[in-house]
Amino acid sequence: MRIQCNLCEAAVAKVLCCADEAALCLECDEKVHAANKLVSEHQRLPLFSSSSFQMPKCDICQEISGFFFCLQDRALLCRKCDVAIHTVNSVVSCHQRFLLTGVEVDVGTKTDTIGASCFNAK
């Protein structure tokens with residue numbers, strides 16, 4: 001699965017800017033981060049789309065691929081199980097859940113701007 005650029009909404013995103021929380025294509029990344037010295041120091045991570053990536057199975061039913069990760073339950077869920085679990089009451093309906101995209105983020109030890117870690121974002 002590919003992530004679309006958050007800025008131009010046309011090209012495939014190639015980097016994730018941690019400070020802006022934005023996925024950007026290379027052209028938009030260059031435009032945005034060349035604006036001034038402050039934004040040029042934003043830490044960015046390259047995104048890699050893997051065609052061989054297989055979605056893991058749901059932690060509950062173990063039959064269908066999981067597409068949702070529940071932060072509080074620390075569980076990977078298919079749509080059917082997600083709905084069954086997170087519509088029971090108001091407490092579980094507020095759980096934070098994230099859609100899995102099948103896109104890897106490279107958090108290697110590179111020292112250049114695009115290879116640096118989000119944890120060191122300025």
Side-chain angles (χ1 to χ4, degrees):
M1 178 179 277
R2 293 183 174 157
I3 296 177
Q4 190 175 28
C5 176
N6 294 137
L7 191 59
C8 70
E9 298 180 342
V12 175
K14 297 292 184 184
V15 296
L16 175 68
C17 176
C18 300
D20 296 327
E21 296 180 358
L24 302 167
C25 67
L26 294 177
E27 187 176 324
C28 289
D29 176 56
E30 191 170 316
K31 286 179 191 174
V32 168
H33 293 102
N36 62 53
K37 183 173 175 22
L38 183 63
V39 295
S40 71
E41 294 178 359
H42 284 180
Q43 303 300 319
R44 278 125 42 223
L45 300 171
L47 297 174
F48 298 103
S49 182
S50 173
S51 59
S52 63
F53 182 81
Q54 284 196 332
M55 300 300 279
K57 299 290 183 199
C58 172
D59 288 334
I60 305 301
C61 70
Q62 294 289 308
E63 296 174 5
I64 304 169
S65 293
F67 289 99
F68 302 95
F69 180 75
C70 177
L71 191 61
Q72 285 75 15
D73 295 330
R74 289 186 167 73
L76 182 63
L77 307 165
C78 66
R79 177 72 179 142
K80 182 180 171 186
C81 292
D82 179 58
V83 169
I85 291 168
H86 292 106
T87 58
V88 173
N89 61 48
S90 61
V91 174
V92 293
S93 68
C94 292
H95 283 185
Q96 288 182 298
R97 298 179 320 274
F98 301 93
L99 180 65
L100 295 183
T101 62
V103 174
E104 293 178 50
V105 176
D106 180 16
V107 289
T109 58
K110 298 176 188 172
T111 56
D112 63 331
T113 309
I114 294 181
S117 171
C118 273
F119 301 110
N120 297 326
K122 295 184 181 194

Discussion item. More than 12 heavy atoms of other residues, nucleotides or ligands under 6.0 Å from CD of Gln72: yes or no?
Written reply: yes
Discussion item. Checking one residue: Val92. Which other hydrophobic residues are in its cluster under the side-chain 4.5 Å linking rule?
Written reply: Val88
Fill in: Phe69 to Leu76 - nearest heavy-atom pair and separation
CD1-N, 4.2 Å
Worksheet item: Stepwise, does the side chain to side chain contact (heavy atoms under 4.5 Å, CB included) test hold for Cys70 with Gln96?
Response: CA-CA 6 Å; Cys70 177; Gln96 288 182 298; over 6 Å; no
Worksheet item: Stepwise, does the side chain to side chain contact (heavy atoms under 4.5 Å, CB included) test hold for His42 with His33?
Response: CA-CA 8 Å; His42 284 180; His33 293 102; 3.4 Å; yes
Discussion item. If you count every heavy atom of other residues, nucleotides or ligands that lies below 6.0 Å from Gln62 atom CD, does the total exceed 12?
Written reply: yes
Worksheet item: Looking only at heavy atoms, which two atoms of Cys61 and Ile64 are closest? And how far apart?
Response: SG-N, 3.7 Å
Discussion item. Testing the basics here: between Val83 and Thr87, what is the closest heavy-atom pair and its distance to 0.1 Å?
Written reply: O-OG1, 2.5 Å
Worksheet item: What are the two closest non-hydrogen atoms of Cys8 and Cys5, and how far apart are they?
Response: N-SG, 3.5 Å
Worksheet item: Do the side chain of Gln4 and the main chain of Glu9 share a donor and acceptor less than 3.5 angstrom apart?
Response: yes
Worksheet entry | Short N-O contact, Asp29 and Arg44, less than 4.0 angstrom | yes
Worksheet, complete the sentence: One should read off an interatomic distance between Phe68 CZ and Cys81 SG, to the nearest 0.5 angstrom, of 11.5 Å
Worksheet item: Looking only at atom types and distance, does a side-chain atom of Asp20 sit under 3.5 Å from a main-chain N or O of Ala22, one as donor and one as acceptor?
Response: no
Fill in: Test side-chain contact (heavy atoms from CB on, under 4.5 Å) applied to Ala23 - qualifying residues, sequence neighbours left out
Ile3, Asn6, Ala13, Leu47
Fill in: Interatomic spacing from CD in Glu21 to CG in Leu16 - rounded to 0.5 Å
8.5 Å
Discussion item. Going by salt bridge (charged side-chain N to carboxylate O under 4.0 Å, His left out), name the pairs with one or both residues in residues 64-80, residues two or more places apart or in two chains.
Written reply: Arg79-Asp82
Worksheet item: Do Leu26 and Leu7 share a hydrophobic cluster, counting only Ile, Leu, Val, Met, Phe, Trp and Tyr and linking them when any side-chain heavy atoms are less than 4.5 Å apart?
Response: yes
